[in-house]
Amino acid sequence: MRDRTLCVKRPEVSHAGFASLATATYRASTIVFDSAEAYANRSKRGPDGYTYGLHGTPTSRTLEASITALEQGLRTVLVPSGQAAITVVFLSVLMPGDTVLIPDSAYPPVAGFCENYLKPRGISYRIYDPMIGSGIASLIDETVKLIWTESPGSTTMEIQDIPAIVAAAKARGVLTGCDNTWATPLYFKPLANDMDFSSMALTKYVGGHSDLLMGSIAVKDITLHKKLKDTMRMIGMGVSPDDCALALRGMETMGVRMAHSGRVALDFARKIADRVAPELVLHPALPGAAGHAFFQRDFAGASGVFSLVIPPHAEAALPDLLTAAQTFSIGASWGGTHSLLAPMTITRVTDPDAHAGTILRINVGLEDEDDLWADLEPIVEAIATAPAVAKTA
């Protein structure tokens, strides 16, 4: 071969005797075939075969297999974000004339997708009270094809009665899915609770370092897996092998990170509840929290995210208190090593008066607990200044 060809063509190098604890990062757009016949028959390789880089490399397959094992599922697909995981499920199983039920506590962009994308295309949605439980049976008509859940609810932290919802859905042949980002499969397994889809934003605890965007959908039915893959193929959706490698690395420490963050967050939640009215602290592990009994029944633990309701008298002071924080950062997302504060305005459809005003979402990372509390304490004190909301001695 001539020099310019040798610059492109790589020599074969033996892998004999080489073994690494790290997962290799296989980057590819083109997948090379051994023969013209193999290329012509590439569609016969099936959902697990390699045909084009967009549809998977050994690196993404390793991440898929790792998530599948944690989820106790059959297959997993990877998508570019947690929101994409939810929308791909909806696009894969809903057709014009169908209806999806979504909880009032879901990640807000879910309702936005239903209103602004699905509805104009003839797919309906209805919002239900997340605490409806078996009562959801009354909302299921012949058009309902999917019931979506998010437990705990985004920001407001309600734990849904998943077994009751699944039972009502299965009695009518309706599919169910859960956004399980908060708990991850370490603390709750939707598929083991008979749900059809379990989704996560891998951006959060799996990635764990606030440096990647990715989502996953795990299923236990090969037909549903094919629907997901077909949808992704038609819209040209894939993920980066480099991001998959970061997610695999993050997954290795996810257990210890979540255990630490969950312990510290619960300690903070209890400390705050002792200082202010307990109902202002939204953490599913606290007695009196919405769905606390379901949390005790269904969950193996709590992660490091909880919320604090900011009463009206403390709202004016909140921006300065957040800006003054030295250890917490202000920003969206959560689940990383850095602790975050995010003020949120919540609007509920099923109960417009519920949680009216500002809610502060608190993500506990890995910094020193005393440094974190030094940032939170002034906020707690601002809330506790009004006798109407402070806990009586």
Side-chain angles (χ1 to χ4, degrees), residues 82-183 188-191 193-201 215 217-221 223-224 227-228 231 284 290-291 294 298 346-352 354-355:
Q83 172 70 355
I86 298 168
T87 59
V88 165
V89 171
F90 288 16
L91 292 173
S92 298
V93 301
L94 298 172
M95 297 293 288
D98 292 345
T99 299
V100 57
L101 303 181
I102 62 173
D104 208 354
S105 55
Y107 179 51
V110 177
F113 174 72
C114 292
E115 176 67 23
N116 300 310
Y117 188 88
L118 294 182
K119 186 178 176 181
R121 289 160 178 81
I123 299 173
S124 300
Y125 74 100
R126 294 202 294 274
I127 296 174
Y128 66 90
D129 181 344
M131 305 310 297
I132 195 171
S134 59
I136 203 164
S138 65
L139 303 181
I140 302 174
D141 58 27
E142 67 279 359
T143 70
V144 174
K145 297 297 186 292
L146 174 66
I147 299 174
W148 193 250
T149 65
E150 183 173 336
S151 187
S154 183
T155 305
T156 48
M157 308 302 292
E158 301 94 334
I159 297 292
Q160 297 188 250
D161 189 351
I162 296 297
I165 291 172
V166 169
K170 286 193 173 298
R172 299 289 295 273
V174 174
L175 296 169
T176 56
C178 180
D179 182 340
N180 194 40
T181 303
W182 184 88
F188 181 65
K189 298 186 188 294
L191 299 185
N193 282 267
D194 257 356
M195 302 208 91
D196 299 292
F197 301 98
S198 177
S199 80
M200 280 191 292
I217 312 160
V219 296
K220 56 186 176 181
D221 182 283
T223 301
L224 293 179
K227 285 179 179 289
L228 296 172
T231 299
F294 305 142
D298 298 335
I346 302 299
T347 302
R348 304 302 286 270
V349 174
T350 57
D351 185 359
H355 303 303

Only counting residues at least two apart or in another chain, list the ones meeting side-chain contact (heavy atoms from CB on, under 4.5 Å) with [X].
| X | value |
| --- | --- |
| D141 | R126, T143, V144 |
| S154 | Y107, P108, E150 |
| T350 | D104, I127, D129 |
| A290 | M131, E158 |

Any residue meeting side chain to side chain donor-acceptor pair (under 3.5 Å) with T181, in chain and number order, not counting sequence neighbours:
D179
The residue among N193, I136, T149, V166 that forms side-chain contact (heavy atoms from CB on, under 4.5 Å) with T176 is V166
Heavy-atom closest pair, residues [X] and [Y]:
| X | Y | value |
| --- | --- | --- |
| A164 | G133 | CB-C, 4.1 Å |
| S198 | N180 | OG-CB, 4.0 Å |
| S151 | I162 | CB-CD1, 4.4 Å |
| V100 | C114 | CG1-SG, 4.1 Å |
| S92 | T231 | OG-OG1, 2.9 Å |
| L94 | I123 | O-CD1, 3.8 Å |

Strictly by ring-ring contact (aromatic ring centres under 6.0 Å, His included), give each pair with a member in residues 146-171 just once, sequence neighbours left out.
F90-W148
Does [X] have any salt bridge (Lys or Arg N to Asp or Glu O under 4.0 Å) partners at least two apart in sequence or in another chain, and if so, which?
| X | result |
| --- | --- |
| K145 | D98 |
| D221 | none |
| K119 | E115 |
| K220 | D194 |

Report yes if some heavy atom in the side chain of [X] is under 4.5 Å from a heavy atom in the side chain of [Y]; otherwise report no.
| X | Y | result |
| --- | --- | --- |
| D298 | P163 | yes |
| V88 | F197 | no |
| M200 | P190 | no |
| I140 | I147 | yes |

Apply side-chain contact (heavy atoms from CB on, under 4.5 Å) to residues I132 and L139 and explain how you reach the verdict.
CA-CA 10 Å; I132 195 171; L139 303 181; 3.8 Å; yes
Please test V89 against L228 for side-chain contact (heavy atoms from CB on, under 4.5 Å), starting from the C-alpha separation and ending with a verdict.
CA-CA 7 Å; V89 171; L228 296 172; 4.3 Å; yes
Sequence neighbours left out, what pairs pass salt bridge (charged side-chain N to carboxylate O under 4.0 Å, His left out) with at least one residue falling in residues 83-93?
none
One should read off an interatomic distance between L91 CG and K227 NZ, to the nearest 0.5 angstrom, of 12.5 Å
For R348 and S105, run side-chain contact (heavy atoms from CB on, under 4.5 Å): C-alpha distance rounded to whole Å, both residues' side-chain angles, the deciding distance at 0.1 Å, then the answer.
CA-CA 8 Å; R348 304 302 286 270; S105 55; 3.7 Å; yes
Please, which pairs that meet side-chain hydrogen bond (donor to acceptor under 3.5 Å, both in side chains) have at least one residue in residues 160-173, sequence neighbours excluded?
Y128-Q160, D161-R297
